[in-house]
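Residue numbers run from 1 in the order of the sequence given.
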Amino acid sequence: MEIPVYPKGEAPLRGYVIQRKTKETEVSVNLCLDGGEVEVSTGIGFFDHMLTALAFYAGFGLALEAKGDLEVDGHHTVEDTGIVLGQALARALGDRKGIRRFGSAYVPMDEALAFTALDLSNRPFLVFDADMPQARIGAYDACLTEEFMRAFTMNSGLTLHMKCLYGKNAHHITEALFKSLGLALKDAVRVEGGTVTSTKGVL
């Protein structure tokens, strides 16, 4: 995905391109907070579906490719994707001036209901309260949702609280969590002014 350039006189584009390569994974992210196409490929079908939903509901443009040691399992791929996507978000936000900063959303998914509240505070913290009734969703280990959220949180400077209020299907619970994260981020990254949203004057 090519990050477009705004015509002269319009708001500057908020985006960042980053790559990270280790002995276990290679992850490339092209993130635009102000919209664009969404293209995701990680080798884990359900995870692709979740990242696509996250970007779509956040209103982000995202080109993401991850290649990992899936012959071992999906852990390194999912966690490292969270690391790199979190770093891209932090860089795209810059000094965080003018952003709304806070966001929250409920999302129902059939029998499941998930809630996300977040603060782009530059103080990373995760509270994750969502039991998964089934251990696997296709080729995706359900426990990896928390690992992704932790990596994303710690690398983006995000205070993130997520809760599944109820649900019986791990697919529905996980999808509701990712979608609620996207909706909450859409509110939080919205530019509403020209100063930092903090009594401290800095985030």
Side-chain angles (χ1 to χ4, degrees), residues 3 11-22 25 27-36 38 40 42 47 50-64 66 75-105 107 114-130 144-163 177-203:
I3 291 182
L13 190 80
R14 298 176 298 164
Y16 198 75
V17 179
I18 185 172
Q19 293 182 322
R20 181 178 187 266
K21 186 174 182 179
T22 72
T25 65
V27 183
S28 300
V29 170
N30 185 336
L31 175 68
C32 174
L33 304 187
D34 298 305
V38 178
V40 176
T42 67
F47 189 42
M50 293 301 96
L51 292 172
T52 299
L54 167 59
F56 177 83
Y57 286 100
F60 293 168
L62 176 65
L64 186 152
H75 189 286
H76 297 145
T77 299
V78 172
E79 183 177 34
D80 286 10
T81 297
I83 291 171
V84 180
L85 186 58
Q87 291 173 346
L89 176 60
R91 296 294 185 88
L93 286 168
D95 60 13
R96 310 192 183 207
K97 280 186 178 179
I99 61 168
R100 187 173 187 273
R101 178 178 164 180
F102 298 98
S104 62
V107 169
F115 175 70
T116 292
L118 60 83
D119 176 8
L120 290 168
S121 60
N122 219 11
R123 298 190 308 277
F125 198 93
L126 174 67
V127 176
F128 186 91
D129 183 6
L144 294 180
T145 299
E146 184 172 3
E147 297 304 318
F148 170 82
M149 297 302 175
R150 180 175 295 107
F152 180 65
T153 295
M154 295 303 162
N155 286 273
S156 62
L158 178 65
T159 298
L160 178 62
H161 291 242
M162 307 189 87
K163 183 176 179 63
L177 289 168
F178 272 89
K179 287 179 177 178
S180 64
L181 174 59
L183 288 169
L185 281 170
K186 185 175 185 177
D187 278 345
V189 304
R190 183 184 303 134
V191 176
E192 295 186 333
T195 58
V196 172
T197 309
S198 173
T199 55
K200 300 175 184 176
V202 66
L203 290 174

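No donor-acceptor pair closer than 3.5 Å links the side chain of Arg20 to the backbone N or O of Ile83.
Between Leu118 and His161, every side-chain heavy-atom pair lies at or beyond the 4.5 Å cut-off. Under the 4.5 Å side-chain criterion, counting only non-hydrogen atoms from C-beta, Val17 is not in contact with Val29. Leu89 places a side-chain heavy atom less than 4.5 Å from the side chain of Phe152. You'll find the side chain of Val191 reaches within 4.5 Å of the side chain of Arg14, heavy atoms only. Residues Leu126 and Thr159 are not in side-chain contact: their nearest non-hydrogen atoms beyond the backbone lie 4.5 Å or more apart. Ser104 places a side-chain heavy atom less than 4.5 Å from the side chain of Phe115.
To the nearest 0.5 Å, atoms OG1 (Thr153) and CG (Leu160) are separated by 4.0 Å. Note that the CZ atom of Arg101 and the CZ atom of Arg96 stand 9.5 Å from one another [nearest 0.5 Å]. Interatomic distance, CG of Leu185 versus CG of Leu54, reported as 6.5 Å (0.5 Å rounding). Rounding to the nearest 0.5 Å gives a distance of 7.5 Å between CE of Met162 and CZ of Phe178. The CG atom of Leu64 sits 10.0 Å away from the CG atom of Asn30 when rounded to the nearest 0.5 Å. Put simply, CZ on Arg190 and CZ on Phe102 are 14.5 Å apart, with the number rounded to the nearest 0.5 Å.
No option in Thr77, Thr22, Asp80 other than Asp80 meets the side-chain contact (heavy atoms from CB on, under 4.5 Å) test with Val27.
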**Stepwise side-chain contact (heavy atoms from CB on, under 4.5 Å) test for Leu62 and Leu85** = CA-CA 10 Å; Leu62 176 65; Leu85 186 58; 4.0 Å; yes
**Request:** For Leu177 and Phe128, run side-chain contact (heavy atoms from CB on, under 4.5 Å): C-alpha distance rounded to whole Å, both residues' side-chain angles, the deciding distance at 0.1 Å, then the answer.
**Result:** CA-CA 10 Å; Leu177 289 168; Phe128 186 91; 4.0 Å; yes
**Asked** Is there a side-chain contact (heavy atoms from CB on, under 4.5 Å) between Val107 and Leu183 once you walk through the steps?
**Response** CA-CA 9 Å; Val107 169; Leu183 288 169; 3.6 Å; yes
**Item:** Full working for side-chain contact (heavy atoms from CB on, under 4.5 Å) between His75 and Leu144
**Value:** CA-CA 7 Å; His75 189 286; Leu144 294 180; 3.5 Å; yes
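Nearest heavy-atom pair across Ala188 and Gly103 is CB-N, 4.1 Å. Nearest heavy atom pair, residue Ala184 against residue Thr116, reads CB-CG2, 4.0 Å. Heavy atoms only, all atoms of each residue included: Val189 and Ile99 are closest at O-CG2, 3.7 Å. Nearest heavy-atom pair, Ala151 versus Asn155, reported as atom, atom and distance to 0.1 Å: O-ND2, 2.8 Å. When all heavy atoms of Gln19 and Ser28 are compared, the pair lying nearest together is NE2-OG, 3.2 Å.
Within the 6.0 Å centre-distance limit, the rings of Phe47 and Phe148 are counted as a close aromatic pair.
When the shell of 6.0 Å around CZ of Arg100 is examined, it contains more than 12 heavy atoms from other residues, nucleotides or ligands.
Among residues two or more places apart in sequence or in another chain, the side chain to side chain contact (heavy atoms under 4.5 Å, CB included) test is passed with Lys21 by Glu26.
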